[in-house]
Amino acid sequence: MNESQAKTLIKLMREISGKLDRLTEQAKAADRYVDVAEIAERLGVSADFVYRRVKTGEIPAYKVCGKIQMLESEFAAVLPKIS
């Protein structure tokens, strides 16, 4: 391998390393599900309040393993509308 090829290889390795770092950060920030209890606690309301808002569609939710849950990012988006 000559010097030019070595420099090209090093440059590519740095680019790949940077991309891996960005992917790692994205994976850390990935959405997680929050349950009714956590939503109620954050809002300072009862679980019944949250269930009613889910039923009316004010709070987007999913049934995951038999439990009502929502994605963290969606919760953050609707928080100003329901509080």
Side-chain angles (χ1 to χ4, degrees):
M1 177 180 302
N2 64 37
E3 186 176 340
S4 175
Q5 290 172 326
K7 286 181 180 181
T8 300
L9 183 59
I10 290 171
K11 180 182 174 186
L12 289 172
M13 290 174 69
R14 286 185 179 144
E15 287 177 19
I16 291 170
S17 177
K19 288 179 182 181
L20 285 173
D21 289 342
R22 286 190 294 281
L23 286 172
T24 301
E25 288 304 312
Q26 288 173 355
K28 287 179 185 176
D31 261 346
R32 69 178 187 92
Y33 282 98
V34 291
D35 62 11
V36 171
E38 186 172 347
I39 294 167
E41 182 181 329
R42 287 189 188 184
L43 293 175
V45 298
S46 70
D48 287 337
F49 175 89
V50 175
Y51 282 117
R52 285 193 302 272
R53 295 306 185 270
V54 167
K55 190 173 183 177
T56 64
E58 291 177 70
I59 297 177
Y62 308 92
K63 203 165 197 174
V64 180
C65 297
K67 292 184 175 185
I68 299 294
Q69 298 187 5
M70 68 183 307
L71 291 171
E72 179 89 27
S73 62
E74 291 178 349
F75 173 73
V78 300
L79 182 58
K81 297 176 189 174
I82 58 176
S83 51

Where Ala47 and Ala40 come nearest, the two heavy atoms and their spacing | N-CB, 3.9 Å
Where the side chain of Gln5 meets the backbone of Asn2, is there a donor-acceptor pair that is under 3.5 Å apart?
-> yes
Taking only residues two or more places apart in sequence or in another chain, which ones pass side chain to side chain donor-acceptor pair (under 3.5 Å) with [X]?
X: Arg52; value: none
X: Tyr51; value: none
X: Glu15; value: none
X: Lys11; value: none

Between atom OG1 of Thr8 and atom CE of Met1, what is the distance when rounded to the nearest 0.5 Å?
->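 Reported to 0.5 Å precision, the distance equals 9.5 Å.
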CD on Gln69 to CD1 on Ile39, rounded to 0.5 Å |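 One gets 8.5 Å once the value is rounded to the nearest 0.5 Å.
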By side chain to side chain contact (heavy atoms under 4.5 Å, CB included), which residues pair with Glu41, not counting sequence neighbours?
-> none
Contacts of Ser17 that satisfy side chain to side chain contact (heavy atoms under 4.5 Å, CB included) - sequence neighbours left out |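 Checked Ser17 against side chain to side chain contact (heavy atoms under 4.5 Å, CB included); matches are Asp21.
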Hey, quick one: are [X] and [Y] part of the same hydrophobic cluster, counting side-chain heavy atoms closer than 4.5 Å, chains of contacts allowed?
X: Ile59; Y: Leu71; answer: no
X: Tyr33; Y: Met70; answer: no
X: Val54; Y: Leu43; answer: yes

Can you check whether [X] reaches [Y] side chain to side chain, under 4.5 Å on heavy atoms?
X: Val45; Y: Arg53; value: no
X: Lys67; Y: Val64; value: no
X: Val34; Y: Arg42; value: yes

Please say whether more than 12 non-hydrogen atoms of neighbouring residues, nucleotides or ligands are located less than 6.0 Å from CD in Glu3.
-> no
